[in-house]
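Here is the structure we will look at, set down as structure tokens.
Every value quoted in this text rests on a predicted model; they were computed, and no experiment measured them. As the structure lists them, so they are numbered: ligands from 1, and atoms in each ligand from 1.
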Amino acid sequence: MQKKRIYVAYTGGTLGMQPSPQGYQPVAGYLPKALQQLPQLQHSAIPDYQLQEYAPLLDSSDMQPKHWQQMANDIHARYDDYDGFVVLHGTDTMAYSAAALHYLLMGLSKPVIVTGSQIPLCEPNSDAPRNIRNAFYAAAYSPFAQVTLLFHHGLYAADSVSKVDAQQLQAFASINTEPLWQCDHTDWVFPARPSASLPSERLALGQVVEHRIAVLTLYPGVDIAWLCEQLAKPWYAVVLRTFGSGNAPQQPALLTALRDAHERGVILINRSQCWQGVENMTGYAGAHVLAQCGVQSAAGKPLEAIIAGLYCGQWSGR
Ligand code: ASP
């Protein structure tokens, strides 16, 4: 059987960083060489890979929607030449990029795996070797022909995952759904890829539009006048970080500002500050009033997927 071939887009992130007086920073040229020496990749089950190092390499805190488009364009342009794809990425905004790729690459019949690490490859006890090995393997053999985020013990659907821990190796969690796959030992063994049942449609490439988006967090004592001022601005969309199952203070001025924004065509989304659970627009009066002002439930999607979805045209207003 011919060896599988995967394409690896290395965008930056902790996994290829080195210490500097300013803290960890990506270093061009380091990771491609280090991977050639990595014992975890010297196994017959690891596919051949072609790695492209982006310039500049980014700490993912610097990632912008235009970078999501670049990654999607890259994969789209090479789609027919490889069996699967890996994006090596910083963990801080990895869930946003994974969600964006999920929306931009429509009709996938091959795996796209996004991964990174909490500890740089150059440090002892780094989680990079294992995540990289597992991601390379998954890009060749995962039965999930979609964009997934692979980290530590979990493989997560790209539109249902959040970074939930700044230090622990188990940095990501699945939001309102189970992980697609979990592994509590070192080897990832997937069921055989059901190639016959994969969709045969062609891959379509979506386009990012850099809309003006605001995220407004509610808290006890929040200045309602300030919120109203924000809502009066010409946003494309506003995400309200509400309480509990999607509740907000029932302040007439706030409700008027929301209604006016809705009338102007601003997309208004109700996303709870709770990670898990769904915004219920009819459970309490504090959410019912939001629905009456044109605010939509996020239906439990994580903020990362909401923001990526807004830039990728997944939401509509009135
Ligand atoms: N600041 C880093 C980044 O997101 C963190 C990481 O990769 O773990 O690029």
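In the vicinity of Gly13, heavy-atom distances shorter than 4.0 Å reach the ligand 1 atoms 7 (O), 9 (O).
By the 4.5 Å heavy-atom criterion applied to side chains, His89 and Met63 are counted as neighbours. Leu227 is listed as a side-chain neighbour of Leu218, based on a closest heavy-atom distance under 4.5 Å.
For atom 8 (O) of ligand 1, the nearest non-hydrogen atom of the protein is Thr91 OG1, 2.5 Å.
For a threshold of 3.5 Å applied to N or O pairs, the pair formed by Ser117 and ligand 1 contains at least one separation below that value. Considering backbone and side-chain N/O of Ser60, one or more are found under 3.5 Å from N/O of ligand 1. Ligand 1 has an N or O atom lying under 3.5 Å from an N or O atom of Thr14, backbone or side chain. Ligand 1 has no nitrogen or oxygen under 3.5 angstrom from a nitrogen or oxygen of His89.
Residues Gln273 and Arg241 approach most closely at NE2-O, 2.9 Å, considering heavy atoms.
Judged by the 6.0 Å distance and 45° axis criteria, Lys110 is positioned over the aromatic ring of Tyr79.
The residues Arg5 and Asp81 are annotated as not salt-bridged, no charged nitrogen and carboxylate oxygen being separated by less than 4.0 angstrom.
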